[in-house]
Amino acid sequence: MRKLILLALVGLAAQLVDGSLGMGYGVTSATLLVAGGLGPAAASAAVHFSEIGTSLVSGISHQALGNVDWRTVGILAAPGFVGAFAGATFLVSLDGEIARVLVASILLVLGGYVTWRFLVPQRLQFKGRPSARFLAPVGLLGGALDAVGGGGWGPIGTTSMLSSGRLEPRKVVGSVDTAEFVVTVGASLGFLAALGSQGIDWRVAGALLVGGVIAAPIAAVLVRLLPARILGVTAGGLIVLTNMRTLGLELGVPGLTIALLASVVFTVWVLWISWAIKLDRAEREGGTDRPGDVVAAKVN
């Protein structure tokens, strides 16, 4: 029971991050599940089955607050479904040890990418809507990576759309979260077909679901209020630290070396958070944007 309560709290915290930033639920949850000893395929399956409920509630909440652009959702969802189904069946076919190394590597890179996106002090300009030519590949890649890594839809979808400078951040977050429902259904069907119902830990999925459903409506409100930079950098650093440890153990790196590397990364992480706080204060003092409106750098 204690483990299930802890998992519910993981789901709650992960959904608060995801619903506020448009990324983080899958990456955060999968990171902690794999670190806790669950196999990569089983972890990703549990995360995606729980996400069916959390993404549905999150999408409804964002729609109620006017955070959703339905044209964007419609174009993202179909290729996202296809990519997620394909990614799920691919992950199940991998050897367990290879899968753990691959997933930890993907999550490590995604954690670093998320952190970097929220550390760059540039602002976005919003002009029009993203084109279908831009959105379809983003959906396909994001869906595939999401299923393989247990997370990736948000880091790929949200950051790509923010970098395009088309939609304002709250609509990017709301649209990505809403389209994620279709993506999670695709991944879940892929895992169900490849693993069967006996290969899925329904208790883990249910615990994550309970915590995520509780947090989803709150996160939809917080997307307008929270300092997104600080939350994004904090979540990204946690993902980097945890997956660095997992990858080191899987590759046979000595424990002392892992500990030394972790201490260095932790120190840098603290400095990153301090920098994010300074950036957020500077943006607040400028008085031109809400805290949630400046969350990524524009890619030149």
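Start at 1 with the first residue, then count along the sequence.
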To the closest 0.5 Å, what do you measure between [atom1] ([X]) and [atom2] ([Y])?
X: L189; Y: T89; atom1: CG; atom2: OG1; value: 11.5 Å
X: S263; Y: L241; atom1: OG; atom2: CG; value: 10.0 Å
X: D177; Y: S58; atom1: CG; atom2: OG; value: 4.0 Å
X: L76; Y: T178; atom1: CG; atom2: OG1; value: 10.5 Å
X: L135; Y: L140; atom1: CG; atom2: CG; value: 12.5 Å

Just by distance, do the side chain of S44 and the backbone of P40 share a donor-acceptor pair under 3.5 Å?
->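 The answer is no, because no donor-acceptor pair under 3.5 Å joins these two groups.
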
Checking T184 side chain against F181 main chain: does a donor-acceptor pair fall under 3.5 Å?
->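 Yes, the answer is positive, given that a donor and an acceptor are paired below the 3.5 Å cut-off.
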
R71 atom CZ: more than 12 heavy-atom contacts under 6.0 Å |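 Yes, CZ of R71 has more than 12 neighbouring heavy atoms, counting only those of other groups under 6.0 Å.
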
Quick one: do [X] and [Y] end up in the same hydrophobic cluster if we chain Ile, Leu, Val, Met, Phe, Trp and Tyr together by side-chain heavy atoms under 4.5 Å apart?
X: L279; Y: V268; result: yes
X: L195; Y: F90; result: yes
X: L56; Y: V182; result: yes
X: V240; Y: I273; result: yes
X: V47; Y: L209; result: no

Using a 4.5 Å cut-off on heavy atoms from C-beta on, say whether the side chain of [Y] contacts that of [X].
X: N67; Y: V173; value: no
X: M244; Y: L247; value: no
X: I52; Y: S188; value: yes
X: R245; Y: L249; value: yes
X: E51; Y: D146; value: yes

Quick one: sort the W269 and F266 rings into parallel, tilted or perpendicular, breaks at 30° and 60°.
->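 Correct class here is perpendicular.
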
Using the six-membered ring wherever Trp is involved, compare the ring planes of F191 and H48 and label them parallel, tilted or perpendicular (cut-offs 30° and 60°).
->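 Correct class here is tilted.
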
Check [X] against [Y] and note the closest heavy-atom contact, atom names and distance.
X: T72; Y: S175; value: CG2-CB, 4.2 Å
X: A147; Y: G87; value: CB-C, 3.7 Å
X: A41; Y: V92; value: CB-CG2, 4.3 Å
X: I75; Y: A136; value: CG2-N, 4.2 Å
X: A132; Y: P137; value: O-CD, 4.3 Å
X: S50; Y: A205; value: CB-O, 3.2 Å

So among T267, L119, I277, which one has a side-chain contact (heavy atoms from CB on, under 4.5 Å) with W272?
->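 Only match with W272 under side-chain contact (heavy atoms from CB on, under 4.5 Å): L119.
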
